[in-house]
Amino acid sequence: MALALYDTETRTLREFTPLIPGHVSVYLCGATPQGAPHIGHVRSSVAFDVLRRWLLAHDLDVAFIRNVTDIEDKILTKAAAAGRPWWEWVYTYERAFESAYDILGVLPPSALPRATGHITQMIEMMQRLIDNGHAYASQGDVYFDVLSYPDYGRLSGHKLDDVQQGESAGEGKRDPRDFTLWKAEKPGEPSWPTPWGRGRPGWHIECSAMAEYYLGGSFDIHCGGMDLVFPHHENERAQARCAGDGFAQWWLHNGWVTMGGEKMSKSLGNVLSIPNVLKRVRPQELRYYLGSAHYRSMLEYSDTALDTAAKSYQGIERFVLDVATRAGSVPAGKWTDAFAAALDDDLAIPRALAEIHGVVHTGNKALDAGDVTAAAEAAGSVRAMLAILGVDPLDEHWAQPSQDASAAMSALDVMVRADLDRRQQARAEKNWSVADEVRDRLGAAGIAVTDTADGPQWSLEGERSEGRN
RNA sequence: GCGGGUGUGGCCGAGAGGCGAGGCACCGGCCUGCAAAGCCGUCAACGCGGGGUUCGAAUCCCGCCACUCGCUCCA
């Protein structure tokens, strides 16, 4: 295996070798569902979904854990402000996130652990940290003693001396930079019993505890957004290492989506929700767009860039569907060496896309030359490559017309066919005005007509593959 | 204050010393009754200033400018 991945901790591209041959363990910091998912959240899950698919393509057994932070300050504040129970609030948005992931074809994780379901593991880990002198309880809070861990700052590149005042100054802290493992109970907030009193988890301990529980003390890859490097991942690492774990061997971080040059975030109010984006393009097209920039680059969102990506994808899709029509079927084939080389090089999807376009071009030329066999071979290869990116147009995930929709399409086909027959008759008589009138009328109704070597075909605007011969 | 990142043709975006990725748009041609799609071809770039590298830098070094991020919740 020649896969190389950029590791944040060492700031280098390192050839990937799993701890246990044949197995890969991955932990992805999932969302804190306190509001609707936006395009930035989805970029992260899609980027690491491609990593997962590529690992699977290497015949590796992948354990992929993504957590849900279901207890946290903002959840409590927002739910309280809305007058709703915190657990209802977080569950509502957890569902919204999962739905967005499903729509985009993100493979479901091996497990989707929630923080509140792992209090036991957190207490156990905190006890270990206290026992070996890396944490202390104070006035019902539990803090991590940053000065007890000389390696603190290694992941993010921060020097301890340069770290400004950490989170809100607790009176019981030994050092202002110590961070909270456990927060003492406050009136009106949920709490759980611990040896140090009732309270609730801090943000960082949950991931260390859950990663250890599901993947063991040492695992292969830890993923998340670039904005989590400090303090979240730095703290996770400190906790786990001090608790005796080897923890993550690779740290992967994705760049964020920007709008107007600024990071998309709720606090800036420049978020673009998934349902809104999906009014503009189909989910496959959104996925394709997210891969058009390297996962570690920032992606500056614009409607035109999204539209451009959608058109680019449609060109590939059209090729595959045309071949499927001409050849009857297109069995998935094998990706090209250039494609594999691109993905092996830190998931260089932009380069992989260039390769896909190259194969599409070759296939179109074959199609032009009437060589359907060669075209089908190219299309099979394209399918295999698109499958790694999660956007194979012939994947059943993207073809899910309901019973009603299929019936409606069949009925529509009968009616459109009648018009097309009339138009063919007119064309045969070189009565172009009648032929164009029929085409224009169908077009106005959102039905696009194209003449091909195999006769006229129609499709609904924005749809593909419907109503074909 | 401390620590990062970015600046490529009309637009999006790869590349990272040497044969000018790819997409979208534009223009010309083929095909088509006309379109659409496809094919052939054209166009055009490396923020600014200066230097080094046994010849060559968008790519390395120095200086500058602009934009941007982290150090606080954040994919």
Side-chain angles (χ1 to χ4, degrees), chain A residues 11 28-32 34-35 37-48 69 72-75 77 97 153 156-159 161-168 177 203 223-232 234 253-258 260-268 271 288-289 292-302 304-316 318-319 322 338 342 348-358 360-361 363-369 426-428 430-433 435-436 439-440 443 448-453 457 459:
Chain A
R11 279 145 211 269
L28 168 62
C29 271
T32 301
Q34 35 128 336
H38 60 66
I39 186 174
H41 295 119
V42 152
R43 184 187 186 191
S44 185
S45 54
V46 166
F48 298 120
T69 301
E72 182 260 354
D73 290 4
K74 276 196 178 164
I75 292 170
T77 337
F97 271 82
S156 58
H158 282 87
K159 294 186 190 72
D161 291 343
D162 296 335
V163 174
Q164 297 184 345
Q165 165 81 29
E167 43 191 287
S168 54
R177 292 162 299 195
W203 179 31
C223 314
M226 206 81 95
D227 41 4
L228 297 180
V229 175
F230 190 92
H232 186 50
E234 189 70 61
H253 292 99
N254 67 279
W256 41 67
V257 179
T258 59
E262 288 181 308
K263 184 174 75 158
M264 190 175 286
S265 73
K266 294 219 176 59
S267 47
L268 292 170
V271 297
Y288 181 92
Y289 169 64
S292 65
H294 186 93
Y295 79 93
R296 285 194 285 115
S297 309
M298 287 198 247
L299 181 65
E300 166 67 18
Y301 176 84
S302 72
T304 51
L306 180 62
D307 292 345
T308 295
K311 281 187 189 171
S312 176
Y313 176 72
Q314 286 159 19
I316 300 170
R318 188 160 41 229
F319 165 67
D322 284 351
I349 297 176
R351 254 161 64 203
L353 292 179
E355 173 64 8
I356 290 172
H357 281 285
V360 167
H361 189 229
N364 269 323
K365 276 199 277 195
L367 222 43
D368 258 22
R427 292 182 75 205
K430 297 198 189 301
N431 188 346
W432 309 127
S433 63
D436 290 348
R439 185 169 63 187
D440 290 347
V449 175
T450 54
D451 297 313
T452 74
Q457 299 184 349
S459 63

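Sequence lines set the chain letters: A, B, ... in the order given, protein chains first and strands last, and positions in each chain run from 1.
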Discussion item. Regarding rC73(B), can its base be found pairing with the side chain of K74(A) as donor and acceptor, where the two atoms are less than 3.5 Å apart?
Written reply: yes

Worksheet item: Considering only the C1' atoms, how many Å lie between rA36(B) and rA44(B), rounded to the nearest integer?
Response: 27 Å

Item to complete: Remember a base hit wins even if backbone is also touched, and classify K430(A) as base, sugar-phosphate or nothing at under 4.0 Å, heavy atoms.
Response: nothing

Worksheet item: Paired with rC67(B) by Watson-Crick or G-U wobble geometry, both distances under 3.5 Å: which nucleotide is it?
Response: rG5(B)

Item to complete: Would you please confirm or rule out a distance under 4.0 Å between OP1 or OP2 of rA37(B) and any side-chain N or O of H361(A)?
Response: no

Item to complete: Identify whether any heavy atom of H294(A) sits under 4.0 Å from a base atom; if not, whether one sits that close to sugar-phosphate; answer base, sugar-phosphate or nothing.
Response: sugar-phosphate

Worksheet entry | Atom-to-atom span, CD of Q314(A) to P of rG38(B) - whole angstrom | 11 Å

Item to complete: Could you work out the separation of rC11(B) and rG3(B) based on their C1' atoms and round it to a whole Å?
Response: 33 Å

Worksheet entry | Length of the line joining D436(A):CG and rC34(B):C1', which is rounded to integer Å | 6 Å

Worksheet item: Taking the nucleotide of RNA chain B with the closest heavy atom to each, which residue, G315(A) or Y295(A), is nearer the 5' end?
Response: Y295(A)

Worksheet item: When you measure from the side chain of R351(A), which nucleotide among rA14(B), rC39(B), rG33(B) comes out closest?
Response: rA14(B)

Worksheet item: Among rC39(B), rG70(B), rG13(B), which nucleotide sits nearest the side chain of F230(A)?
Response: rG70(B)

Item to complete: Check the pair W256(A), T258(A) against side chain to side chain contact (heavy atoms under 4.5 Å, CB included), reporting the backbone distance first and the verdict last.
Response: CA-CA 6 Å; W256(A) 41 67; T258(A) 59; 3.7 Å; yes

Fill in: Base paired to rU59(B) (Watson-Crick or G-U; both N/O distances under 3.5 angstrom)
none

Worksheet item: With a non-hydrogen cut-off below 4.0 angstrom, is E72(A) in contact with a base, only sugar-phosphate, or nothing?
Response: sugar-phosphate

Worksheet entry | Euclidean distance for P, rC69(B) against rA58(B) (whole angstrom) | 30 Å

Worksheet item: Rounded to whole angstrom units, what separation is found between the CZ atom of R318(A) and the P atom of rA36(B)?
Response: 12 Å

Item to complete: Hunt down the Watson-Crick or G-U wobble partner of rG10(B), both distances under 3.5 Å, from any strand shown, or write none.
Response: rC24(B)

Fill in: Strand partner of rG33(B), provided both Watson-Crick or wobble distances fall under 3.5 Å
none

Discussion item. Taking rC24(B) as the reference, what is the distance to rA14(B) when you measure between their C1' atoms (whole Å, please)?
Written reply: 15 Å

Worksheet item: What nucleotide, of rA75(B), rA21(B), rA36(B), holds the atom closest to the side chain of W256(A)?
Response: rA75(B)

Worksheet item: In whole Å, what separates the P atom of rC27(B) from that of rU68(B)?
Response: 35 Å

Item to complete: Using the C1' atom as the reference point in each nucleotide, state the distance between rU59(B) and rG18(B) in Å, no decimals.
Response: 11 Å

Worksheet item: In terms of ring plane angle, is the pair H158(A) and F230(A) parallel, tilted or perpendicular, where the classes change at 30° and 60°?
Response: tilted

Worksheet item: Over how many whole Å does the gap from E355(A) atom CD to rG23(B) atom P extend?
Response: 12 Å

Worksheet item: Nearest to the side chain of H357(A) - rG23(B), rA14(B), rC40(B)?
Response: rG23(B)

Worksheet item: So what does N254(A) touch, heavy atoms closer than 4.0 Å: a base, only the sugar-phosphate, or nothing?
Response: base

Worksheet entry | For atom CD1 of I316(A) and atom C1' of rG22(B), their distance in whole Å | 10 Å

Item to complete: May I ask you to evaluate whether K311(A) reaches the phosphate of rA25(B), defined as a side-chain N or O under 4.0 Å from OP1 or OP2?
Response: yes

Discussion item. At 4.0 Å (heavy atoms only), tell me whether D73(A) reaches a base, stays on the sugar-phosphate, or touches nothing.
Written reply: nothing

Response to the item:
Closest of rA75(B), rC24(B), rG22(B) to the S312(A) side chain is rC24(B)

Worksheet item: If we take the C1' atom in both rC48(B) and rC31(B), what is their distance in whole Å?
Response: 48 Å

Worksheet entry | Heavy-atom closest contact (G153(A) atom, E234(A) atom, distance) | N-OE2, 2.8 Å

Practice prompt. Give, for atom NZ of K74(A) and atom OG1 of T69(A), the distance between the pair rounded to the nearest 0.5 Å.
Written response: 13.0 Å

Discussion item. Within the 4.0 Å heavy-atom criterion, would you say I356(A) contacts the bases, only the backbone, or no part of the nucleic acid?
Written reply: nothing

Worksheet item: Using the ring of each side chain (for Trp, its six-membered ring), is Y313(A) parallel, tilted or perpendicular to Y288(A), with breaks at 30° and 60°?
Response: tilted

Worksheet item: Does the side chain of S297(A) get closer than 4.0 angstrom to OP1 or OP2 of rA14(B) through an N or O atom?
Response: yes

Worksheet item: Please give, in whole Å, the distance from rC67(B) C1' to M298(A) CE?
Response: 9 Å

Discussion item. For rG38(B), does the base pair up with any side-chain atom of D322(A) as donor and acceptor (N or O, under 3.5 Å, distance only)?
Written reply: no

Worksheet item: Quick one: do R439(A) and D436(A) make a salt bridge, cutoff under 4.0 Å?
Response: yes

Worksheet item: G40(A) near the nucleic acid: base, sugar-phosphate alone, or nothing, with a heavy-atom cut-off under 4.0 Å?
Response: base

Worksheet item: When all nucleic acid strands are considered with a 4.0 Å heavy-atom cut-off, which category describes T304(A): base, sugar-phosphate, or nothing?
Response: nothing

Worksheet item: Among rA21(B), rA36(B), rC24(B), which is the nearest nucleotide to the side chain of T450(A)?
Response: rA36(B)

Worksheet item: Which whole-number value in Å describes the distance from H232(A) NE2 to rA75(B) P?
Response: 9 Å

Item to complete: Over all heavy atoms of both residues, which pair between Y301(A) and Y289(A) is shortest? Give the atoms and the distance, please.
Response: CA-OH, 3.3 Å

Worksheet, complete the sentence: Per nearest nucleotide of RNA chain B, the residue lying toward the 5' end, Y289(A) or R439(A), is Y289(A)

Worksheet entry | Atom pair distance, as rounded to whole Å: CG in L299(A) and P in rC11(B) | 17 Å

Item to complete: Taking all heavy atoms of S44(A) and all of L28(A), pick out the closest pair and write down the distance.
Response: OG-CD1, 4.2 Å

Discussion item. Of the options rA21(B), rA75(B), rG13(B), whose atoms approach the side-chain atoms of D227(A) most closely?
Written reply: rA75(B)

Response to the item:
Side-chain contact check for H41(A): nearest option of rG38(B), rA75(B), rG13(B) is rA75(B)

Worksheet entry | Closest to side chain of E300(A), choosing from rG38(B), rG33(B), rG13(B) | rG13(B)

Worksheet item: Which of these nucleotides, rG22(B), rA35(B), rG15(B), is closest to any side-chain atom of D451(A)?
Response: rA35(B)

Worksheet item: When you check the side-chain N and O atoms of T32(A) and E72(A), is any donor under 3.5 Å from an acceptor?
Response: no

Practice prompt. Between rC46(B) and rG9(B), how far apart are the C1' atoms? Round to whole Å, please.
Written response: 9 Å

